[in-house]
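Report on the following structure.
Predicted, not measured: the structure shown is a model, and the values here were computed from it.
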Amino acid sequence: MAPGGHLADNLLAFTRLLRRTGLPLGPGEAIAGLAALTEIDIADRRQVHAALRAVMVHKREHFELFDQAFQLFWRDPEAAAHAAAMALMDGNKPKDEKAPPVSRRLAEAMQENKPKPKPPEEPPPQHDMTFTVSERERLQSMDFEAMSAAEIAQAKQEIRRLVLPLDEQRTRRFRPDPFGPVADLRATVRESLRTGGEILDLERRRRITRPPPLVALCDISGSMSRYAQVLLHFLHAVANDRDRVHTFLFGTRLTNVTRQLKHRDPEVAFEMVSHIVPDWSGGTRIGESIALFNRLWGRRVLGQGAVVLLITDGLDREGAKGLAEATERLRGSCRRLIWLNPLLRFDGFQPKSQGIRAMLPHVDDFRPVHNLNSLRELVATLSGRQAAQRGRIAA
């Protein structure tokens, strides 16, 4: 990197590239980066990297993305061509080779810098808004399993906009409130000390209310893998929108991914999840997994009226062994148990499997979860103040 006159232009292009990948950068970072380069030896690549990262990256989770972008952009002036090749390889590589998500995002951002083809001489016919609305409605009702990769990407964008409020529950704690319904005698006496022990006003307080904890148990076995991939985006959005959200994945074993899904960047969060979940798209032991959750985690996360989302199709490799007892104990430990089952998308669904018949009597709600509309109905159900209705289906 010579200190030529194109350094400022290249740094501006580099800033735009980082902004396209999702880093919150603006003109201030570009100016600070240029000022930092004037204080170091720009012939030393390591100094340039350290200086730019110090002034342009504000969060630890963005370090990896910045490092890859720096290596790609400043190594080759034809970096866009390399990025395009990376994007093509992402769809043709063997299944056992997974590219880091930040690399995919960087490749897509570099592709946006390619020159656009010239428009045709005759402009294409204009479509009315009816087509757009109908496509959106079709996406809302389309089954996740029938979606293409592009439609899945659109569905994930819609899912990130969903907000999941819950009924606020009364706690044992109080907070000062001049219009509260309860007199606070201790605070009144303490306040009277300022006036020589004479009580002029009664201090009042109000009970604190807050949403209950939300616990999600999601099946990631082979029959649920397609749905689990999309629902993880929903759970990630919920975990970053509210506190006290606990997420567990289970197939043949139970894995707590609460800490991983708290990461703000969804792609980095899912990459972290993939490293600690060894049983994705394998078999399933629902009864054993729920029993393990009850034994190890129930008392930790099911306090204060927790709501539990049990996401599974109920098809257990072990049949119904111990499933009824584990589900009954889970129901007794939470305020509300909601079973989300993608098999309910079929109009003629009947609870014929042993696992479904064993679990069904112990849940409060039995709802489908196979498209965007079903997720919106779930949000509406959890947001309302109606009493929980115990779901029942004739055997």
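The cationic group of Arg53 lies under 6.0 Å from the six-membered ring centre of Phe63 and within 45° of the ring axis, placing it in a cation-pi geometry.
Crowding of Lys321 atom NZ: a count of heavy atoms from other residues, nucleotides or ligands under 6.0 Å not exceeding 12. For Gln47, the CD atom is densely surrounded, since the number of other residues' heavy atoms within 6.0 Å is greater than 12.
For the pair Val301 and Pro213, the minimum side-chain heavy-atom distance is 4.5 Å or more. Considering only heavy atoms from C-beta on, Arg204 stays 4.5 Å or farther from Pro181 through its side chain. A 4.5 Å side-chain heavy-atom check between Val307 and Leu214 finds at least one atom pair inside the cut-off. For the pair Leu72/Leu17, no side-chain contact is recorded, criterion being any heavy-atom separation below 4.5 Å from C-beta on. For the pair Ile311/Met224, a side-chain contact is recorded, criterion being any heavy-atom separation below 4.5 Å from C-beta on. The shortest distance between side-chain heavy atoms of Asn341 and Ile356 falls below 4.5 Å. Phe250 is listed as a side-chain neighbour of Thr312, based on a closest heavy-atom distance under 4.5 Å. Within the 4.5 Å cutoff, side-chain heavy atoms of Asn240 are placed close to those of Arg264.
Asp219 approaches Ala228 most closely through the heavy-atom pair O-CB, 3.7 Å. The minimum heavy-atom distance linking Leu302 with Cys334 is given by the pair CD2-CB, 4.4 Å. The two residues Gly314 and Ser353 have their closest heavy-atom pair at O-OG, 4.0 Å. Here the shortest heavy-atom pairing between Asp201 and Thr188 reads O-CG2, 3.6 Å. Shown here for Thr15 and Ala30, the closest heavy-atom pair between the two residues is OG1-CB, 3.7 Å. Closest of all the heavy-atom pairs between Thr284 and Ser221 is CB-CB, 3.6 Å.
We find the CD1-OG1 distance between Ile286 and Thr252 to be 12.5 Å, quoted to the nearest 0.5 Å. Distance check: Phe270 CZ to Asp265 CG gives 9.5 Å after rounding to the nearest 0.5 Å. Atoms OG and CG, on Ser223 and Leu315 in that order, are 5.0 Å from each other to the nearest 0.5 Å. A distance of 12.0 Å separates CG of Asp313 from CG of Leu340, quoted to the nearest 0.5 Å. Put simply, CZ on Arg207 and CZ on Arg175 are 12.5 Å apart, with the number rounded to the nearest 0.5 Å. Leu52 CG to Phe66 CZ: the interatomic distance, rounded to the nearest 0.5 Å, is 5.0 Å.
In this structure, Phe14 and Phe73 have tilted ring planes: the angle between them lies in the 30° to 60° band. Between Trp339 and Phe366, the ring planes are tilted. Angles from 30° to 60° get that label.
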Applying side-chain contact (heavy atoms from CB on, under 4.5 Å), run through Gln71 and Arg45 and close with a yes or a no. CA-CA 10 Å; Gln71 294 294 333; Arg45 183 182 184 85; 3.5 Å; yes

Apply side-chain contact (heavy atoms from CB on, under 4.5 Å) to the pair Val369 and Tyr227, showing each step before the final yes or no. CA-CA 8 Å; Val369 56; Tyr227 297 97; over 6 Å; no

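In this structure a side-chain-to-backbone donor-acceptor pair under 3.5 Å is missing from His362 to Ala326. Side-chain N or O atoms of Arg206 include one that pairs as donor or acceptor with a backbone N or O of Phe179 at under 3.5 Å.
Side-chain polar atoms of Glu29 and His58 form a donor-acceptor pair below 3.5 angstrom.
Leu249 pairs in a side chain to side chain contact (heavy atoms under 4.5 Å, CB included) with only one of the listed residues (Leu261, Leu217, Ile276, Leu232), which is Leu232.
Clustering ILVMFWY residues whenever any of their side-chain heavy atoms sit less than 4.5 angstrom apart, transitively, puts Leu11 in the very cluster that holds Ile42. Connection of Leu292 to Val308 is established within a shared hydrophobic cluster, with ILVMFWY side chains joined at heavy-atom distances below 4.5 Å, either directly or through further cluster members. One hydrophobic cluster holds both Ile290 and Leu296 under the rule that ILVMFWY side chains link at heavy-atom gaps under 4.5 Å. Taking hydrophobic clusters as Ile, Leu, Val, Met, Phe, Trp and Tyr residues chained together by side-chain heavy-atom distances below 4.5 Å, Val57 does not share a cluster with Leu12.
For residues 287-297, the set of pairs meeting the side chain to side chain donor-acceptor pair (under 3.5 Å) definition, not counting sequence neighbours, is empty.
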